[in-house]
Protein chains: 2
Amino acid sequence: MLETTHGELSRRERQIMDIVYQLGSASAADVRARLPQPPSYSAVRAMLRVLEDKGHVEHRQDGPRYMYEATVPVEAARRSAVDRLLRTFFDNSLGEAFATLLDAAPSKLSREELDRLADMIEQAKQEGR
Amino acid sequence: MLETTHGELSRRERQIMDIVYQLGSASAADVRARLPQPPSYSAVRAMLRVLEDKGHVEHRQDGPRYMYEATVPVEAARRSAVDRLLRTFFDNSLGEAFATLLDAAPSKLSREELDRLADMIEQAKQEGR
DNA sequence: GGGGACGTGCTAAAAAAACAGCATCTACTG
DNA sequence: CAGTAGATGCTGTTTTTTTAGCACGTCCCC
């Protein structure tokens, strides 16, 4: 397997990739603004260059500055991150994972979203039949 | 905030913590056996010592050997990991997260589990009312 | 009761990561 | 048109991580 995500990244690299994924597209300044205990500007740019060398991000020119984004599309990265989480913390049991997730942000769950989730499950039942 | 999990760990440290969480309790040998490209035995023990110094794991004597476990209980670590995942990859939207999760291991979803999930959602609806 | 298997602690070295500084280029502003 | 603000590329240094080695202890079994 190709181990698409995170496993091999260093601490800062991971922090940066998280930000890049979160923002979708980010300049060095954007990244620095969100890094905990941000290092110098130079340092951030250096790390972005390294990440680009390693093939984790790529940049395009946007006016005067570079905008970076991840080379692995967010869907794949999500997928991979979820797999890992499931394996590490939930022994691959979806049930527990759902429970924790439901518990994670209960206030944020609107009625509509709950309905949507119910639909998803209903559909999964149909397919599995 | 105390930043309970992972964010500040180095690459190897993170790999090791993942294993410790996965196993619940692990000897140096256990850890080494599961590390990708495992280093020497000594190296693993050294890292475990470092992790213990930093307060991430603690050991107890088990016959001749040390058994390590995480100091932060698994529930809290899960919670924290889920929060992070949600924030980083799903913009805190549960809907997307559920969808990805449902998609992640479709074959493993038994009918019973699906029913259980449906119950959870039903219950959440009741509570939210 | 000698030897091997398996554990530990400690220490030092090698490798990788993280950082900062400097020279330069460009665009805008007053 | 200067001058300033904000970029970049590159390079070297410092710090942290990661690793291995050695000395010692204990248990077991032949």
Side-chain angles (χ1 to χ4, degrees), chain A residues 3 5-72 88, chain B residues 3 5-72 88:
Chain A
E3 192 57 49
T5 351
H6 288 209
E8 61 226 344
L9 297 177
S10 71
R11 185 171 47 97
R12 271 299 197 214
E13 287 176 345
R14 188 168 11 100
Q15 292 175 343
I16 292 177
M17 287 308 294
D18 280 359
I19 292 170
V20 169
Y21 273 116
Q22 201 176 336
L23 298 186
S25 179
S27 70
D30 294 336
V31 169
R32 179 165 192 272
R34 285 155 217 258
L35 276 178
Q37 297 142 12
S40 76
Y41 216 87
S42 286
V44 174
R45 287 185 301 109
M47 302 236 71
L48 282 167
R49 226 171 305 130
V50 168
L51 282 169
E52 186 151 35
D53 280 351
K54 292 189 184 174
H56 292 107
V57 300
E58 56 195 9
H59 79 268
R60 66 188 157 74
Q61 193 89 28
D62 174 54
R65 95 205 76 236
Y66 284 1
M67 293 300 282
Y68 291 88
E69 44 193 284
T71 53
V72 173
T88 306
Chain B
E3 191 59 47
T5 352
H6 287 210
E8 61 228 342
L9 297 177
S10 71
R11 186 172 46 99
R12 270 300 197 214
E13 287 175 345
R14 186 165 14 99
Q15 292 174 345
I16 292 178
M17 287 308 295
D18 280 358
I19 292 169
V20 169
Y21 272 117
Q22 202 177 333
L23 297 186
S25 179
S27 71
D30 295 335
V31 170
R32 178 165 193 273
R34 285 157 217 256
L35 275 178
Q37 296 143 15
S40 76
Y41 216 87
S42 287
V44 175
R45 287 185 300 111
M47 301 237 71
L48 283 167
R49 226 172 303 130
V50 169
L51 282 169
E52 186 151 35
D53 281 350
K54 292 189 183 175
H56 292 106
V57 300
E58 57 195 8
H59 77 269
R60 65 187 158 72
Q61 193 88 30
D62 174 52
R65 96 203 76 239
Y66 285 0
M67 293 300 281
Y68 291 88
E69 45 193 282
T71 53
V72 173
T88 306

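Every value quoted in this text rests on a predicted model; they were computed, and no experiment measured them.
- By the 4.5 Å heavy-atom criterion applied to side chains, B:Val50 and B:Glu13 are counted as neighbours.
- Annotation: side chain of A:Asp30 is in contact with side chain of A:Met67 (closest heavy-atom distance under 4.5 Å).
- Side-chain atoms of A:Ser27 and A:Arg32, non-hydrogen and from C-beta on, never get closer than 4.5 Å to each other.
- What separates CG of B:Leu48 from P of C:dC10 is a distance of 15 Å, to the nearest Å.
- Comment: B:Arg60 engages B:Glu69 in a salt bridge, judged by a side-chain N to carboxylate O separation of less than 4.0 angstrom.
- Side chains of B:Leu48 and B:His59 form no contact here, defined as non-hydrogen atoms less than 4.5 Å apart.
- The interatomic distance linking B:Gln37 (CD) with C:dA16 (P) rounds to 12 Å, in whole Å.
- Here D:dT18 presents its P atom at 8 Å from NZ of B:Lys54, a figure rounded to the nearest Å.
- The pair A:Lys54-A:Glu8 does not count as a salt bridge, with every side-chain nitrogen at least 4.0 angstrom from each carboxylate oxygen.
- Remark: P of D:dT16 and CG of B:Asp53 are 15 Å apart, rounded to the nearest angstrom.
- Taking every side-chain heavy atom of A:Arg12 into account, C:dA18 is the closest of C:dA17, D:dT8, C:dA18.
- In this structure, the CZ atom of B:Arg65 is 8 Å from the C1' atom of C:dG7, given to the nearest Å.
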(request) For each nucleotide in nucleotides 20-30 of chain C, reading 5' to 3', give B when a protein heavy atom comes within less than 4.0 Å of its base, S when such contact involves only the sugar-phosphate, and - otherwise. (result) BBB--------

